[in-house]
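Single-structure report; data block below.
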Amino acid sequence: MGILNVTPDSFSDGGRFYRLDDAMVQVDAMLRFGADIIDVGGESTRPGAQAVEEQAEIDRVVPVIEAISSRFDVVVSVDTSKASVISAAHSAGAGMVNDVRALREPGALAAAAATRLPVCLMHMKGEPRTMQQSPHYENVTTEVVDFLMGRRKACIEAGIRADQIVLDPGFGFGKTLTHNLELLSGLGVLCEQGPVLTGLSRKRMLGEILGDDSASRVTASVTAALLCVQRGASIVRVHDVEQTVQAIAVHLAASSADLQSVSTGYWNR
Ligand code: YH5
(Lines give C-alpha, C1' and ligand atoms only; values in the text may rest on other atoms or scores of the structure.)
Protein backbone atom coordinates (compact mmCIF):
# COMPACT_ATOMS: atom_id res chain seq x y z
CA MET A 1 0.00 0.00 0.00
CA GLY A 2 1.53 3.28 -1.17
CA ILE A 3 0.83 6.44 0.82
CA LEU A 4 -0.52 9.53 -0.94
CA ASN A 5 -0.86 12.45 1.46
CA VAL A 6 -3.20 15.28 0.53
CA THR A 7 -2.87 17.17 3.83
CA PRO A 8 -1.69 20.82 3.85
CA ASP A 9 1.62 19.87 5.52
CA SER A 10 2.30 17.73 2.44
CA PHE A 11 1.34 20.46 -0.04
CA SER A 12 4.41 21.84 -1.76
CA ASP A 13 3.11 25.42 -1.74
CA GLY A 14 2.10 25.45 1.93
CA GLY A 15 -1.47 24.34 1.45
CA ARG A 16 -3.38 26.70 -0.80
CA PHE A 17 -3.38 24.56 -3.94
CA TYR A 18 -2.91 20.86 -4.17
CA ARG A 19 -1.43 19.85 -7.50
CA LEU A 20 -3.60 17.05 -8.85
CA ASP A 21 -1.10 16.45 -11.66
CA ASP A 22 1.74 16.03 -9.17
CA ALA A 23 -0.36 13.51 -7.27
CA MET A 24 -1.05 11.52 -10.46
CA VAL A 25 2.67 11.42 -11.30
CA GLN A 26 3.33 10.09 -7.80
CA VAL A 27 0.56 7.47 -8.10
CA ASP A 28 1.80 6.37 -11.53
CA ALA A 29 5.29 5.85 -10.10
CA MET A 30 4.02 3.89 -7.09
CA LEU A 31 2.01 1.59 -9.40
CA ARG A 32 4.97 1.02 -11.73
CA PHE A 33 7.06 0.07 -8.69
CA GLY A 34 4.46 -2.49 -7.65
CA ALA A 35 1.93 -0.94 -5.26
CA ASP A 36 -1.42 -2.77 -5.17
CA ILE A 37 -3.32 -0.18 -3.13
CA ILE A 38 -3.04 3.63 -2.93
CA ASP A 39 -3.97 5.11 0.46
CA VAL A 40 -5.39 8.64 0.19
CA GLY A 41 -5.58 10.63 3.42
CA GLY A 42 -6.78 14.21 3.97
CA GLU A 43 -6.50 14.37 7.75
CA SER A 44 -3.06 14.63 9.34
CA THR A 45 -2.88 12.19 12.24
CA ARG A 46 0.74 12.91 13.12
CA PRO A 47 1.35 13.42 16.85
CA GLY A 48 0.11 16.91 17.79
CA ALA A 49 -1.97 17.39 14.62
CA GLN A 50 -5.22 19.40 14.78
CA ALA A 51 -8.59 18.05 13.67
CA VAL A 52 -9.80 18.95 10.17
CA GLU A 53 -13.33 20.02 9.22
CA GLU A 54 -15.55 17.51 7.47
CA GLN A 55 -16.16 19.49 4.27
CA ALA A 56 -12.48 20.46 4.00
CA GLU A 57 -11.50 16.81 4.19
CA ILE A 58 -14.05 15.85 1.50
CA ASP A 59 -12.79 18.69 -0.72
CA ARG A 60 -9.25 17.39 -0.36
CA VAL A 61 -9.75 13.67 -0.93
CA VAL A 62 -12.68 13.35 -3.36
CA PRO A 63 -11.04 14.97 -6.43
CA VAL A 64 -7.91 12.88 -5.86
CA ILE A 65 -9.85 9.62 -5.49
CA GLU A 66 -11.89 10.43 -8.62
CA ALA A 67 -8.74 11.22 -10.59
CA ILE A 68 -6.96 8.03 -9.52
CA SER A 69 -9.91 5.72 -10.14
CA SER A 70 -10.61 7.20 -13.57
CA ARG A 71 -6.98 6.92 -14.70
CA PHE A 72 -5.64 3.77 -13.02
CA ASP A 73 -6.79 0.22 -12.34
CA VAL A 74 -5.92 0.10 -8.65
CA VAL A 75 -7.66 -0.15 -5.29
CA VAL A 76 -7.90 3.29 -3.68
CA SER A 77 -8.16 3.23 0.09
CA VAL A 78 -9.43 6.29 1.97
CA ASP A 79 -7.66 7.11 5.25
CA THR A 80 -10.50 8.73 7.22
CA SER A 81 -12.60 8.46 10.39
CA LYS A 82 -15.64 10.47 9.30
CA ALA A 83 -18.93 8.95 8.10
CA SER A 84 -19.50 11.63 5.46
CA VAL A 85 -15.98 11.22 4.05
CA ILE A 86 -16.42 7.43 3.87
CA SER A 87 -19.64 7.83 1.85
CA ALA A 88 -18.22 10.54 -0.42
CA ALA A 89 -15.03 8.54 -1.03
CA HIS A 90 -17.05 5.45 -1.91
CA SER A 91 -19.06 7.44 -4.49
CA ALA A 92 -15.78 8.80 -5.88
CA GLY A 93 -14.48 5.25 -6.47
CA ALA A 94 -12.67 4.22 -3.29
CA GLY A 95 -12.30 0.47 -2.81
CA MET A 96 -11.31 0.30 0.84
CA VAL A 97 -11.79 2.22 4.11
CA ASN A 98 -8.73 2.71 6.34
CA ASP A 99 -9.61 4.17 9.73
CA VAL A 100 -7.05 4.97 12.44
CA ARG A 101 -10.04 5.26 14.87
CA ALA A 102 -11.40 1.81 13.92
CA LEU A 103 -14.87 3.17 12.97
CA ARG A 104 -15.60 4.58 16.45
CA GLU A 105 -16.69 8.06 15.28
CA PRO A 106 -20.45 8.76 15.17
CA GLY A 107 -22.02 7.10 12.12
CA ALA A 108 -18.71 5.77 10.76
CA LEU A 109 -19.47 2.10 11.36
CA ALA A 110 -22.88 2.30 9.64
CA ALA A 111 -21.43 4.38 6.77
CA ALA A 112 -18.63 1.86 6.19
CA ALA A 113 -21.01 -1.12 6.38
CA ALA A 114 -23.33 0.57 3.83
CA THR A 115 -20.48 0.78 1.29
CA ARG A 116 -19.80 -3.01 1.51
CA LEU A 117 -16.09 -2.16 1.14
CA PRO A 118 -13.26 -3.90 3.00
CA VAL A 119 -12.17 -2.01 6.12
CA CYS A 120 -8.90 -1.64 8.03
CA LEU A 121 -9.37 -1.19 11.79
CA MET A 122 -6.41 0.42 13.58
CA HIS A 123 -5.64 0.63 17.29
CA MET A 124 -4.99 4.09 18.71
CA LYS A 125 -4.85 5.06 22.39
CA GLY A 126 -6.18 8.62 22.79
CA GLU A 127 -6.34 11.24 20.04
CA PRO A 128 -3.53 12.45 17.72
CA ARG A 129 -3.23 15.81 19.50
CA THR A 130 -2.40 14.22 22.88
CA MET A 131 -1.70 10.52 22.27
CA GLN A 132 2.06 10.70 22.88
CA GLN A 133 1.69 12.24 26.37
CA SER A 134 2.96 9.29 28.49
CA PRO A 135 0.82 6.41 27.16
CA HIS A 136 0.54 3.47 29.58
CA TYR A 137 -0.28 -0.23 29.11
CA GLU A 138 -0.21 -3.29 31.38
CA ASN A 139 0.49 -5.47 28.33
CA VAL A 140 0.46 -3.62 25.05
CA THR A 141 0.05 -6.67 22.77
CA THR A 142 -2.88 -8.08 24.79
CA GLU A 143 -4.57 -4.69 25.00
CA VAL A 144 -4.20 -4.02 21.27
CA VAL A 145 -5.40 -7.51 20.27
CA ASP A 146 -8.40 -7.30 22.66
CA PHE A 147 -9.34 -3.85 21.34
CA LEU A 148 -9.17 -5.02 17.72
CA MET A 149 -11.22 -8.16 18.48
CA GLY A 150 -13.88 -5.92 20.05
CA ARG A 151 -13.96 -3.59 17.05
CA ARG A 152 -14.08 -6.53 14.65
CA LYS A 153 -17.10 -7.90 16.57
CA ALA A 154 -18.82 -4.50 16.28
CA CYS A 155 -18.15 -4.50 12.53
CA ILE A 156 -19.56 -7.99 12.07
CA GLU A 157 -22.67 -7.00 14.05
CA ALA A 158 -23.05 -3.98 11.75
CA GLY A 159 -23.05 -6.30 8.73
CA ILE A 160 -19.42 -6.18 7.58
CA ARG A 161 -18.21 -9.63 6.52
CA ALA A 162 -15.37 -11.10 8.62
CA ASP A 163 -13.26 -11.68 5.50
CA GLN A 164 -13.52 -7.95 4.65
CA ILE A 165 -11.80 -6.87 7.88
CA VAL A 166 -8.07 -6.08 8.19
CA LEU A 167 -6.45 -5.41 11.59
CA ASP A 168 -3.67 -2.92 12.37
CA PRO A 169 -1.81 -2.51 15.70
CA GLY A 170 -1.29 1.22 15.01
CA PHE A 171 2.45 1.73 15.36
CA GLY A 172 3.20 5.14 16.88
CA PHE A 173 -0.40 5.90 17.86
CA GLY A 174 -0.31 6.38 21.65
CA LYS A 175 2.77 4.20 22.08
CA THR A 176 6.32 4.69 23.30
CA LEU A 177 9.30 3.17 21.47
CA THR A 178 9.23 0.27 23.96
CA HIS A 179 5.51 -0.33 23.27
CA ASN A 180 6.13 -0.27 19.52
CA LEU A 181 8.99 -2.77 19.80
CA GLU A 182 6.90 -5.06 22.02
CA LEU A 183 4.11 -4.93 19.43
CA LEU A 184 6.55 -5.68 16.65
CA SER A 185 7.87 -8.71 18.50
CA GLY A 186 4.31 -9.91 19.23
CA LEU A 187 3.03 -9.24 15.71
CA GLY A 188 2.65 -12.98 15.04
CA VAL A 189 -0.07 -13.15 17.73
CA LEU A 190 -2.16 -10.53 15.91
CA CYS A 191 -1.53 -12.18 12.52
CA GLU A 192 -3.12 -15.39 13.87
CA GLN A 193 -6.41 -13.47 14.19
CA GLY A 194 -6.76 -12.46 10.53
CA PRO A 195 -5.16 -10.34 7.81
CA VAL A 196 -2.94 -7.60 9.26
CA LEU A 197 -1.81 -4.22 7.90
CA THR A 198 1.18 -2.41 9.42
CA GLY A 199 2.45 1.13 9.03
CA LEU A 200 5.91 2.05 10.28
CA SER A 201 7.09 4.00 7.25
CA ARG A 202 9.26 7.02 8.21
CA LYS A 203 7.72 7.14 11.69
CA ARG A 204 9.34 8.79 14.69
CA MET A 205 10.08 5.44 16.36
CA LEU A 206 12.57 4.70 13.56
CA GLY A 207 14.28 8.03 14.20
CA GLU A 208 14.42 7.11 17.89
CA ILE A 209 16.06 3.76 17.08
CA LEU A 210 18.59 5.48 14.82
CA GLY A 211 19.20 8.19 17.42
CA ASP A 212 19.38 10.76 14.63
CA ASP A 213 16.32 12.85 13.87
CA SER A 214 17.86 14.28 10.70
CA ALA A 215 18.63 10.86 9.19
CA SER A 216 16.64 9.66 6.19
CA ARG A 217 14.42 6.87 7.46
CA VAL A 218 14.16 4.97 4.17
CA THR A 219 16.41 2.02 5.00
CA ALA A 220 14.92 1.73 8.48
CA SER A 221 11.41 1.88 6.97
CA VAL A 222 12.13 -0.83 4.41
CA THR A 223 13.65 -3.05 7.09
CA ALA A 224 10.61 -2.56 9.34
CA ALA A 225 8.20 -3.37 6.49
CA LEU A 226 10.16 -6.51 5.60
CA LEU A 227 10.14 -7.62 9.24
CA CYS A 228 6.36 -7.24 9.35
CA VAL A 229 5.90 -9.30 6.18
CA GLN A 230 8.19 -12.00 7.58
CA ARG A 231 6.08 -12.06 10.74
CA GLY A 232 2.86 -12.47 8.79
CA ALA A 233 1.55 -9.02 7.79
CA SER A 234 -0.55 -9.08 4.60
CA ILE A 235 -0.35 -5.37 3.75
CA VAL A 236 2.40 -2.84 4.51
CA ARG A 237 1.61 0.90 4.28
CA VAL A 238 4.71 2.66 2.93
CA HIS A 239 6.06 5.86 1.37
CA ASP A 240 8.99 4.19 -0.42
CA VAL A 241 7.23 1.69 -2.67
CA GLU A 242 10.17 0.93 -4.97
CA GLN A 243 12.61 0.00 -2.21
CA THR A 244 10.01 -1.88 -0.14
CA VAL A 245 8.84 -3.99 -3.10
CA GLN A 246 12.47 -4.90 -3.88
CA ALA A 247 13.06 -6.09 -0.31
CA ILE A 248 9.84 -8.11 -0.20
CA ALA A 249 10.54 -9.61 -3.64
CA VAL A 250 13.86 -10.99 -2.40
CA HIS A 251 12.20 -12.36 0.72
CA LEU A 252 9.40 -14.04 -1.25
CA ALA A 253 11.77 -15.51 -3.83
CA ALA A 254 13.92 -16.96 -1.06
CA SER A 255 10.86 -18.32 0.77
CA SER A 256 9.55 -20.08 -2.32
CA ALA A 257 13.04 -21.45 -2.98
CA ASP A 258 13.02 -22.79 0.60
CA LEU A 259 9.69 -24.49 -0.04
CA GLN A 260 10.94 -26.00 -3.30
CA SER A 261 14.02 -27.37 -1.67
CA VAL A 262 11.81 -28.95 1.01
CA SER A 263 9.51 -30.51 -1.59
CA THR A 264 12.43 -31.77 -3.69
CA GLY A 265 13.95 -33.29 -0.60
CA TYR A 266 17.15 -31.26 -0.65
CA TRP A 267 17.19 -30.95 3.14
CA ASN A 268 16.12 -34.57 3.66
CA ARG A 269 19.11 -36.28 2.03
C1 YH5 B 1 -0.95 3.31 10.18
O2 YH5 B 1 0.04 2.98 10.84
N3 YH5 B 1 -0.49 5.82 9.91
S4 YH5 B 1 -0.83 8.44 9.25
C5 YH5 B 1 4.30 10.42 11.49
C6 YH5 B 1 5.46 10.31 10.75
C7 YH5 B 1 5.50 9.58 9.59
C8 YH5 B 1 4.35 8.96 9.15
C9 YH5 B 1 6.70 11.54 12.37
N10 YH5 B 1 -2.34 6.25 8.77
C11 YH5 B 1 -1.19 4.65 9.74
O12 YH5 B 1 1.95 7.70 8.40
N13 YH5 B 1 -3.26 3.99 8.70
C14 YH5 B 1 -1.22 6.75 9.32
O15 YH5 B 1 6.65 10.92 11.13
C16 YH5 B 1 -2.33 4.94 9.03
N17 YH5 B 1 -1.91 2.41 9.84
C18 YH5 B 1 -3.02 2.73 9.12
N19 YH5 B 1 -3.90 1.77 8.83
C20 YH5 B 1 0.69 8.59 10.17
C21 YH5 B 1 1.93 8.39 9.39
C22 YH5 B 1 3.16 9.07 9.88
C23 YH5 B 1 3.15 9.80 11.05
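None of these values were measured; they are calculated from a predicted model. Each residue takes its place number in the sequence, starting with 1. We count ligands from 1, going down the list as the structure has it; atoms in each ligand are counted the same way.
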Problem set entry | For ligand 1, the portion of Leu197 having any non-hydrogen atom under 4.0 Å away |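 Looking at Leu197 and ligand 1, just side chain atoms fall under 4.0 Å.
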Exercise. Side chain, backbone, both or neither: which part of Ile3 has a heavy atom under 4.0 Å from ligand 1?
Worked result: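 The answer is neither.
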For this session: Just jot down the ligand 1 atoms closer than 4.0 angstrom to any heavy atom of Gly199, in number order.
Result: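 What qualifies from ligand 1 is 2 (O).
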Problem set entry | Atom indices of ligand 1, in the order listed, that fall short of 4.0 Å to a heavy atom of Val100 |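 What qualifies from ligand 1 is 10 (N), 13 (N), 16 (C).
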What protein heavy atom is closest to [atom], reported as residue, atom name and distance in Å?
{"atom": "atom 15 (O) of ligand 1", "answer": "Arg202 O, 3.4 Å"}
{"atom": "atom 2 (O) of ligand 1", "answer": "Lys203 NZ, 2.7 Å"}
{"atom": "atom 23 (C) of ligand 1", "answer": "Arg46 CG, 3.7 Å"}
{"atom": "atom 10 (N) of ligand 1", "answer": "Asp79 OD2, 3.1 Å"}
{"atom": "atom 13 (N) of ligand 1", "answer": "Asn98 ND2, 3.1 Å"}
{"atom": "atom 12 (O) of ligand 1", "answer": "Arg237 NH1, 2.9 Å"}

Test side chain to side chain contact (heavy atoms under 4.5 Å, CB included) applied to [X] and [options], the passing residue:
{"X": "Ile37", "options": "Ile235, Val74, Val76, Leu197", "result": "Ile235"}
{"X": "Ser77", "options": "Val166, Asn98, Leu4", "result": "Asn98"}
{"X": "Arg151", "options": "Ile165, Leu167, Leu109", "result": "Leu109"}

Check this for me - ligand 1, [X], N or O atoms closer than 3.5 angstrom, yes or no?
{"X": "Asp39", "answer": "no"}
{"X": "Asp168", "answer": "yes"}
{"X": "Thr45", "answer": "no"}

Problem set entry | Axial cation check for Tyr137 ring with Lys125, 6.0 Å and 45° limits |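 Yes, Lys125 and Tyr137 form such a contact.
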Exercise. Is a side-chain donor or acceptor of Gln132 paired with a backbone partner of Lys175 at a separation under 3.5 angstrom?
Worked result: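 A pair under 3.5 Å: yes.
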Exercise. Would a distance-only check, ignoring hydrogens and angles, find a side-chain to backbone donor-acceptor pair under 3.5 Å from Arg101 to Ala108?
Worked result: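 Flag not set: sc Arg101 to bb Ala108 has no pair under 3.5 Å.
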For this session: Before giving the answer on side-chain contact (heavy atoms from CB on, under 4.5 Å), spell out for Arg60 and Glu57 the whole-Å C-alpha distance, their side-chain angles and the decisive distance to 0.1 Å.
Result: CA-CA 5 Å; Arg60 280 180 200 168; Glu57 194 178 329; 5.7 Å; no
Exercise. Does Ser201 come within less than 4.0 angstrom of ligand 1, counting non-hydrogen atoms of the residue?
Worked result: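 Distance cut 4.0 Å: Ser201 passes for ligand 1.
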Problem set entry | Side-chain ion pair, Asp240 and Arg202, N-O less than 4.0 Å |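 Yes, this pair counts.
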Exercise. Hey, are the side chains of Val40 and Val78 touching, using non-hydrogen atoms and a 4.5 Å cut-off?
Worked result: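 Counting from C-beta outward, Val40 and Val78 never come under 4.5 Å.
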